[in-house]
Amino acid sequence: MGTKGRYNKVRYPKCREVGILKTVLLIMRRASLAQGLMAKVRDAPGLQLCYEPDYANADVAIRSHLATGALLEVAEDGAQDIGYCLALCAWLREVTPHCRLMLMCPEGQTEAVHRAIEAKRKGEIDDFVFYDVSLDYLAASLQSL
């Protein structure tokens, strides 16, 4: 028997509503936020979330999880500020062009907000949300990413 018959019998699991499983990578320092969000969407049809706390490992994690989207937390302080995250997004656009990118920004930092708006306008990111967004809204945003 050739390979044609053998491969035709393989059945791939499909999700209830969307037909395929969408994986979104959460690249963030706040493990508690990632855990809460993962719990919130645990039963959402067609969506799977994975957590990566190491920003430097983002491209490898996107490829290893076959992620179609990534949410990057812009830190209020420290190394992962808006400049770092936008540079990381530019790199991710090059090495993982299939992956849609969303930033989670501190709403109280005017510069971060303006830079996120400009990045979205230029197509450097696909979307952004603020820290104070509800888990329901964030889950819906990730599903539509």
Side-chain angles (χ1 to χ4, degrees), residues 3-76 78-107 109 111-145:
T3 59
K4 182 178 178 186
R6 184 174 36 169
Y7 288 113
N8 284 341
K9 294 180 182 180
V10 174
R11 301 246 185 242
Y12 295 98
K14 294 191 175 186
C15 294
R16 290 175 279 167
E17 293 182 6
V18 293
I20 58 171
L21 185 62
K22 174 192 237 182
T23 300
V24 176
L25 187 65
L26 305 175
I27 305 165
M28 54 182 50
R29 299 186 317 180
R30 300 176 193 207
S32 59
L33 175 60
Q35 291 168 348
L37 191 54
M38 291 168 88
K40 181 76 175 168
V41 302
R42 181 173 293 130
D43 297 324
L47 181 64
Q48 168 183 286
L49 300 180
C50 299
Y51 174 57
E52 176 56 59
D54 184 0
Y55 288 64
N57 196 41
D59 61 325
V60 173
I62 287 169
R63 285 192 291 265
S64 67
H65 290 289
L66 302 175
T68 57
L71 172 67
L72 290 87
E73 174 192 12
V74 176
E76 292 177 284
Q80 292 83 19
D81 64 2
I82 188 68
Y84 177 89
C85 287
L86 288 174
L88 180 56
C89 285
W91 168 248
L92 293 174
R93 280 274 195 243
E94 284 185 39
V95 298
T96 58
H98 67 280
C99 187
R100 298 185 48 86
L101 303 170
M102 177 186 284
L103 292 180
M104 177 178 257
C105 299
E107 63 281 348
Q109 292 186 357
E111 180 190 354
V113 172
H114 289 301
R115 290 185 69 185
I117 291 169
E118 186 66 16
K120 183 173 178 0
R121 189 186 66 71
K122 289 179 176 178
E124 296 169 356
I125 60 172
D126 297 293
D127 207 352
F128 68 93
V129 294
F130 296 123
Y131 280 2
D132 65 353
V133 70
S134 72
L135 279 181
D136 287 330
Y137 184 85
L138 184 54
S141 295
L142 293 176
Q143 285 180 312
S144 69
L145 184 63

Check: [Y] main-chain N/O paired with [X] side-chain donor or acceptor under 3.5 Å:
X   : Y    : value
D81 : Y84  : yes
T96 : C99  : no
K22 : L145 : yes
H65 : L49  : no

Please find the pair of heavy atoms, one from [X] and one from [Y], that lie closest to each other, and give the distance.
X    : Y    : answer
L142 : L47  : O-CD1, 4.4 Å
L88  : Y55  : CD2-O, 3.8 Å
C85  : L103 : CB-CD2, 4.1 Å
V41  : A139 : CG1-CB, 3.4 Å
L101 : C89  : CD1-O, 3.6 Å
Q109 : A75  : OE1-O, 4.3 Å

For the residue pair [X] and [Y], establish whether any side-chain heavy-atom pair is separated by less than 4.5 Å.
X    : Y    : value
H98  : I62  : yes
Y51  : Q35  : no
V95  : R63  : yes
M102 : S141 : yes
K40  : D136 : yes

Pair L25-L71, side chain to side chain contact (heavy atoms under 4.5 Å, CB included): steps then yes or no: CA-CA 6 Å; L25 187 65; L71 172 67; over 6 Å; no

Is it true that [X] and [Y] make a salt bridge, defined as a side-chain N closer than 4.0 Å to a carboxylate O?
X    : Y    : result
R29  : E76  : no
E118 : R115 : no
R93  : D126 : yes
R100 : D127 : no

Let me confirm one number: the [atom1]-[atom2] distance from [X] to [Y], rounded to the nearest 0.5 Å.
X   : Y    : atom1 : atom2 : answer
C50 : M38  : SG    : CE    : 6.0 Å
I82 : H114 : CD1   : NE2   : 12.0 Å
E73 : Y131 : CD    : OH    : 4.0 Å

Yes or no on side chain to side chain contact (heavy atoms under 4.5 Å, CB included) for V74 and L86, after CA distance, side-chain angles and deciding distance? CA-CA 9 Å; V74 176; L86 288 174; over 6 Å; no

F130 and M104: side chain to side chain contact (heavy atoms under 4.5 Å, CB included), yes or no, with the steps? CA-CA 5 Å; F130 296 123; M104 177 178 257; over 6 Å; no

Give the C-alpha distance, both sets of side-chain angles, the deciding distance and a yes or no for side chain to side chain contact (heavy atoms under 4.5 Å, CB included) between Q80 and I27. CA-CA 10 Å; Q80 292 83 19; I27 305 165; over 6 Å; no

